[in-house]
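Ligands are counted one by one from 1 in listed order, and the atoms in each one are counted from 1 as well.
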Amino acid sequence: KDKVEITKEQQVLMQAILKAYERHQIPQDVAKRLYSAEENFLLLTEMATSQVQVLVEFTKNIPGFLSLDHEDQIALLKGSAVEAMFLRSAQVFNRKTPAGHTEVLEERIRKSGISEEFIKPMFNFYKSIGELLMSPEEQALLTAVTILTPDRPYVKDHAAVERLQEPMLEVLKKLCTLHHPHEPQYFARLLGRLTELRSLNHYHAEIITSWRVNDHKFTPLLCEIWDVQ
Ligand SMILES: Cc1cccc(C)c1Nc1c(-c2c(F)cccc2F)nc2cccc(C)n12
C-alpha cells in the first residue's frame, strides 16, 4: 500500500556512487571493454616506438657494433628492425603474463586495422617461437645474430659484419647443445626461424602501406626507421 519512492537526494546519491564504481574498475574489467581500432593502433604505435628505442639501445651494446662504419650501422638497424621487433614482440607475446593479458594484446592486434592475411602469419610466427621455449641467452643471441646479418641492403663492409656475427653464431650453437641436449636439431630449428622472419618483412611493408592508405599517423622514429612519409 505505502508506495516505495526514491527521493531526489537518494537519486543523486545513487548516481554518484554508481559513477564512482564504474570509473574505478579493476584491470581485468577494463580488459573486457572492447577498444576501437584507432585506440588499438595508438597503443601498438606506442609499443612499436618504444620497441625501436629498446632495439637501438640493445644494438649499441652489441660488442663491436659501434666500431663498424657509421653508415653500415644505420643500414644494419634499418634492415633488421622489423625482424628484431618480431622476435621481441614474440617474446613479449609468449611470456606467461598475468591471465588474460596475452589474449587482450592479441585482441588489440587483431582489431588494429591489419588485414587478416597478415594476422595469420604473424601469430603463426609467435606460436612457432613460443614452441622453441628459448632461454633468455638464446633470445638475446638470436636477436644479435639477426641484427648482424651481413647481406642487408646498402651494407658496404660485409666482412666486418660477418666477423661480428660469426662468434655469436658459435656461442649460440654451443648454448643450443647445452640447453637442449636431446634435440640435436634445435640450432637448425632456430636458424629456420630466421628464414621465416625474412618473409615477415614483406608482410610488414604491406601492413605499413595499408595503414598509411587509411591515413594512420606514425611517430617520427617509426617514420625514420621504415622510411615512411
Ligand atoms: C608493437 C606491435 C606488436 C605486435 C603487432 C604490431 C602490428 C605492433 N605494431 C607495429 C609494428 C610491429 C611491431 F612493433 C612488432 C612486430 C610486428 C609489427 F607489425 N610495426 C609497426 C609499424 C607502424 C605502426 C605500428 C603500430 N607497428
Side-chain angles (χ1 to χ4, degrees), residues 30-31 34-60 74-98 100-132 134 136 138-140 142-147 149 152-153 190 192-229:
V30 173
L34 283 186
Y35 294 90
S36 73
E38 280 65 42
E39 274 175 318
N40 291 335
F41 178 75
L42 276 178
L43 172 99
L44 292 175
T45 303
E46 274 161 38
M47 269 175 74
T49 304
S50 56
Q51 280 193 6
V52 171
Q53 287 159 344
V54 161
L55 169 67
V56 171
E57 286 317 303
F58 169 71
T59 305
K60 281 161 64 177
I74 302 297
L76 290 174
L77 257 175
K78 290 174 78 141
S80 65
V82 174
E83 293 173 28
M85 286 168 67
F86 262 105
L87 276 175
R88 177 166 301 263
S89 61
Q91 313 306 350
V92 169
F93 198 78
N94 287 303
R95 202 176 300 140
K96 280 298 141 229
T97 53
H101 282 234
T102 317
E103 287 65 42
V104 172
L105 179 61
E106 173 162 355
E107 191 50 34
R108 302 189 77 159
I109 294 169
R110 287 184 187 282
K111 298 272 180 305
S112 64
I114 300 177
S115 76
E116 194 50 35
E117 68 178 292
F118 307 136
I119 294 287
K120 258 174 67 67
M122 185 185 290
F123 285 106
N124 286 346
F125 177 73
Y126 287 162
K127 202 159 79 42
S128 69
I129 287 287
E131 284 159 1
L132 286 170
M134 277 192 274
E138 284 161 348
Q139 292 173 32
L142 192 66
T143 307
V145 161
T146 303
I147 294 163
T149 301
R152 295 293 184 198
L190 270 198
R193 296 285 80 82
L194 296 188
T195 312
E196 190 180 348
L197 263 176
R198 294 225 175 191
S199 69
L200 292 170
N201 273 309
H202 157 77
Y203 286 123
H204 188 268
E206 303 269 317
I207 293 174
I208 295 239
T209 310
S210 66
W211 271 328
R212 283 190 61 210
V213 160
N214 303 323
D215 202 24
H216 281 70
K217 290 279 166 284
F218 302 125
T219 58
L221 184 57
L222 295 181
C223 294
E224 197 180 330
I225 199 118
W226 287 313
D227 294 327
V228 168
Q229 247 118 338

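Nearest protein heavy-atom contact of atom 7 (C) of ligand 1 is I114 CD1, 3.5 Å. The protein atom (non-hydrogen) at minimum distance from atom 24 (C) of ligand 1 is W211 CZ3, 3.5 Å. Atom 10 (C) of ligand 1 has as its closest protein heavy atom A48 CB, 3.7 Å.
Proximity annotation for atom 1 (C) of ligand 1: of L55, N40, L44, L44 comes nearest, heavy atoms only. Selection from H204, R110, R212 by nearest heavy atom to atom 12 (C) of ligand 1 gives H204.
Judged by a 6.0 Å distance limit and a 45° cone about the ring axis, R110 is positioned over the six-membered ring of F123.
Listed by number with element, the atoms of ligand 1 under 4.0 Å from a non-hydrogen atom of I208 are 22 (C). Taking every heavy atom of M85 and a limit of under 4.0 angstrom, the matching atoms of ligand 1 come to 13 (C), 14 (F), 15 (C), 16 (C). Residue-ligand proximity, Q51 to ligand 1, at heavy-atom distances under 4.0 Å covers atoms 14 (F), 15 (C). Each of the following atoms of ligand 1 lies closer than 4.0 Å to a heavy atom of T45: 26 (C). Shown in contact with F218 at under 4.0 Å from a heavy atom are these atoms of ligand 1, numbered in order with element: 23 (C), 24 (C).
By the 30° and 60° cut-offs, the orientation of the rings of H216 relative to F41 is perpendicular. Aromatic ring orientation, H204 versus W226: tilted (interplanar angle from 30° to 60°).
The closest approach between any non-hydrogen atom of Y126 and ligand 1 is below 4.0 Å. Between W226 and ligand 1 there is a heavy-atom distance shorter than 4.0 Å.
For F93, no heavy-atom contact with ligand 1 is shorter than 4.0 Å. Residue contacts with ligand 1, taken as heavy atom pairs separated by less than 4.0 Å, involve S89 solely via side-chain atoms from C-beta onward.
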